[in-house]
Amino acid sequence: MAGLEQMKEQRIWFHSQNAAGTALDDLQNYSDVKLNFQNTSGNFSRPQEGEGERSVGVSSEGFLNLKDAYVWGAFSFSQENKTDAGYNASITDPFRGMPYYVADAYKSSWRNQYYDLKFRAATPLYWGKLAFGLEGGYQASLAAKQRDPRVDTRFYILKLIPGICYAINSHHRLGVNFSYASIKEDSQMANSDSYTDQDYYELFGLGVAVKGIGSGRTTNYYGNQFGGSMQYNYAATNLNLLLEGTYSIKAETAEVSYSTPRKIGSVKDQLGKVAMTLYTKGKKLVHHIKLDASYRMIDGIQYINQRDNTESQTGWMQMYSNVRSTYETKAATLHYSLIRNRGNEYNWRVEALAYYENQKDKYILPYSVKSHENIYMELCGKKNFVLSDKLMKRLLVTVRGGYNKNLSGCYQYGGSHADYLTVTQMETLDANYLMSDYWKLGAAAVYSQQLKQESKTQVFAQVGFDYVKAEDFDFSHRSYLSVSIGCNF
């Protein structure tokens, strides 16, 4: 397992946005299949996450060198059961940057399914200079709330990323790619008990809401995303450096009803990111450094509509729109690894991680603000024990510890209806979570061996446990247990 982990990690172009760089990476074939189980519990979570989550799934991944082309693909499926999730009655993922959804007062169970399909295809370097590549992906999810007001919501995103790579010489390479994604979510609310109406809240950001009663609404979310990246790669015998700059812009709209559509809000979501990955290889030690910084700005746009009551009856007319809220996030990550080689695998490795995040959300008028500034630091150690050279029996043990320190933060609501639970509970609890200090401790073990002598197939079993202890507010802890079995070949 340590050998496969290291090989995939050192495919430096694979971790970029550009599939055309595949020709410049390690071209060994591999395949990997896993069955996964995860159980999460504890109240240290964001309000919509749920105090308990349990999921089972299967995933597979593989790379094939066809000489005239290079192909990679991955697929995963998971079934997730959430318990005691609150303040969400209309959307699969309330944290994806869409503030216009529906909340309710009751905690509920959810039954969710997630599908994720990805591929990459690339050519060799034609004339020793130019390669072409294409990456594609399809993600879909089905989510169902189990308590009135219920929701059946279906989300998908389809993405295509064509790219080219040009080798100036044996050391210097340039790459460029473009990306397009289509986004769609269909959210349909209803009551199973048609005789009892339910309270719900139509959200507009930072606690601003309109209260309703009944069975909810049908909401159609649709949008498109465009973007691009540029890469520079310097490669030498014992050094590999990749620099990448990425920019994307997404426009997504939320409309109520299909029969007489009424726009309630849109987002303009811009993301810029720069990243550096550096490998230096020695006879015994490898140094791996990853550094990235990102800036994301989301503008929340609201609409004023008027119903057309003329004989033509064209439905709702859009009278006016403007930006009413903004969501700004600055983040940076530094990850350093020191790795001791042992043949095609590593003997041990030590990792250090630092992550900084500064987020400030504002509702412009009436003015409200929610912000947090955090820094998280983590140390991790891995040891790859040789149990036996016969059948290559290995035990890979990981231990890690981290601490999150909140530097600043606040939640101040200046709008009307300050007594709504969207203010007193949902946003207040979320702000408390984001402003909490916490410790994180974890450990994992992976046992692996060859299926039989001289076989390239390895089977493995993995177990991991992480425990997060909160220090602030009324939060207690969050624990994560994961178990997986599988094989690679």
Side-chain angles (χ1 to χ4, degrees), residues 48 87-104 138-145 148-159 180-192 194 197-226 248-270 298-327 363-365 422:
Q48 297 94 331
Y87 312 108
N88 177 23
S90 72
I91 196 169
T92 305
D93 180 8
F95 310 116
R96 67 179 178 86
M98 169 52 70
Y100 307 113
Y101 62 100
V102 178
D104 69 323
Y138 176 74
Q139 296 177 20
S141 63
L142 294 82
K145 185 171 177 282
D148 288 350
R150 300 168 188 259
V151 66
D152 183 345
T153 179
R154 297 163 188 238
F155 171 84
Y156 84 79
I157 178 169
L158 178 65
K159 181 179 291 188
Y180 168 75
S182 175
I183 301 155
K184 178 78 165 66
E185 183 163 11
D186 173 44
S187 168
Q188 299 189 28
M189 298 175 62
N191 288 334
S192 62
S194 59
D197 289 331
Q198 302 292 333
D199 293 337
Y200 61 88
Y201 299 83
E202 297 183 319
L203 302 178
F204 293 91
L206 276 76
V208 178
V210 174
K211 189 175 182 179
I213 186 169
S215 60
R217 71 189 194 194
T218 294
T219 312
N220 176 29
Y221 300 92
Y222 59 91
N224 296 284
Q225 184 181 57
F226 298 89
S248 66
I249 181 169
K250 178 183 75 172
E252 184 180 1
T253 298
E255 281 186 353
V256 173
S257 176
Y258 284 95
S259 56
T260 54
R262 174 172 60 89
K263 288 184 180 181
I264 56 170
S266 299
V267 294
K268 179 183 177 183
D269 187 347
Q270 300 180 80
I298 301 175
D299 291 333
I301 303 166
Q302 291 179 220
Y303 296 89
I304 296 176
N305 303 289
Q306 179 177 306
R307 183 70 184 228
D308 183 4
N309 293 319
T310 62
E311 293 183 0
S312 60
Q313 296 182 348
T314 57
W316 291 94
M317 298 185 299
Q318 179 184 320
M319 307 300 294
Y320 181 72
S321 66
N322 66 340
V323 175
R324 298 294 300 274
S325 57
T326 61
Y327 308 84
Y363 197 89
I364 297 173
L365 190 67
T422 57

Novice: Identify whether the distance between the nearest side-chain nitrogen and carboxylate oxygen of Asp152 and Arg154 falls below 4.0 Å.
Specialist: yes
Novice: Starting at CZ of Arg324, measure out to CZ of Phe204 and round the result to the nearest 0.5 Å.
Specialist: 9.5 Å
Novice: Are the side chain of Asn88 and the backbone of Ser90 linked by a donor-acceptor contact shorter than 3.5 Å?
Specialist: yes
Novice: Give a yes-or-no answer on whether the side chains of Tyr101 and Gln48 include a donor-acceptor pair shorter than 3.5 Å.
Specialist: yes
Novice: Mind listing the closest non-hydrogen atom pair of Ala89 and Pro149 along with its distance?
Specialist: CB-O, 4.1 Å
Novice: Please determine whether the number of non-hydrogen atoms from other residues, nucleotides or ligands lying under 6.0 Å from atom NZ of Lys250 exceeds 12.
Specialist: yes
Novice: Are any side-chain N or O atoms of Asn305 and backbone N or O atoms of Ile264, one a donor and one an acceptor, separated by less than 3.5 Å?
Specialist: no
Novice: Do Gln198 and Asp104 pass the side chain to side chain contact (heavy atoms under 4.5 Å, CB included) test, and can you show the C-alpha distance, the side-chain angles, and the key distance before you say yes or no?
Specialist: CA-CA 8 Å; Gln198 302 292 333; Asp104 69 323; over 6 Å; no
Novice: Looking at every non-hydrogen atom in both residues, tell me the closest pair between Asn220 and Tyr258 and how far apart they are.
Specialist: OD1-OH, 3.4 Å
Novice: Let me confirm one number: the OG1-OH distance from Thr422 to Tyr87, rounded to the nearest 0.5 Å.
Specialist: 10.0 Å
Novice: What are the two closest non-hydrogen atoms of Ala103 and Leu203, and how far apart are they?
Specialist: CB-CD1, 3.9 Å
Novice: Do Arg217 and Glu202 have side-chain heavy atoms sitting under 4.5 Å apart?
Specialist: yes
Novice: Of all the heavy-atom pairs spanning Trp316 and Thr260, show the shortest one and how long it is.
Specialist: CD1-O, 3.5 Å
Novice: How far does CE of Met189 sit from OG1 of Thr219, to the nearest 0.5 angstrom?
Specialist: 8.0 Å
Novice: Could you tell me whether the side chain of Tyr100 reaches within less than 4.5 Å of the side chain of Val267, counting heavy atoms only?
Specialist: yes
Novice: Please say whether the positively charged group of Arg96, taken as NZ for Lys or CZ for Arg, lies over the ring of Tyr221, i.e. under 6.0 angstrom from the six-membered ring centre and within 45 degrees of the axis.
Specialist: yes
Novice: Is there a side-chain contact between Ser257 and Thr218 in this structure, where contact means two heavy atoms from C-beta onward sitting under 4.5 Å apart?
Specialist: no
Novice: Please round to the nearest 0.5 Å and tell me the distance separating atom CD1 of Ile183 and atom OH of Tyr156.
Specialist: 9.5 Å
Novice: Nearest heavy-atom pair of Arg150 and Ser192: which atoms, and what distance?
Specialist: NE-OG, 3.2 Å
Novice: Might you point out which heavy atoms bring Gly205 and Tyr327 nearest each other, and give the distance in Å?
Specialist: CA-OH, 3.5 Å
Novice: Compare all side-chain heavy atoms of Arg262 with those of Tyr303 and state whether any distance is below 4.5 angstrom.
Specialist: no
Novice: In a check of side chain to side chain contact (heavy atoms under 4.5 Å, CB included) between Asp299 and each of Val323, Asn322, Asp269, which one passes?
Specialist: Val323
Novice: Roughly how far, to the nearest 0.5 Å, is CE of Met317 from CE of Met319?
Specialist: 5.5 Å
Novice: About how many Å separate CD1 of Ile157 and NZ of Lys184, when rounded to the nearest 0.5 Å?
Specialist: 13.5 Å
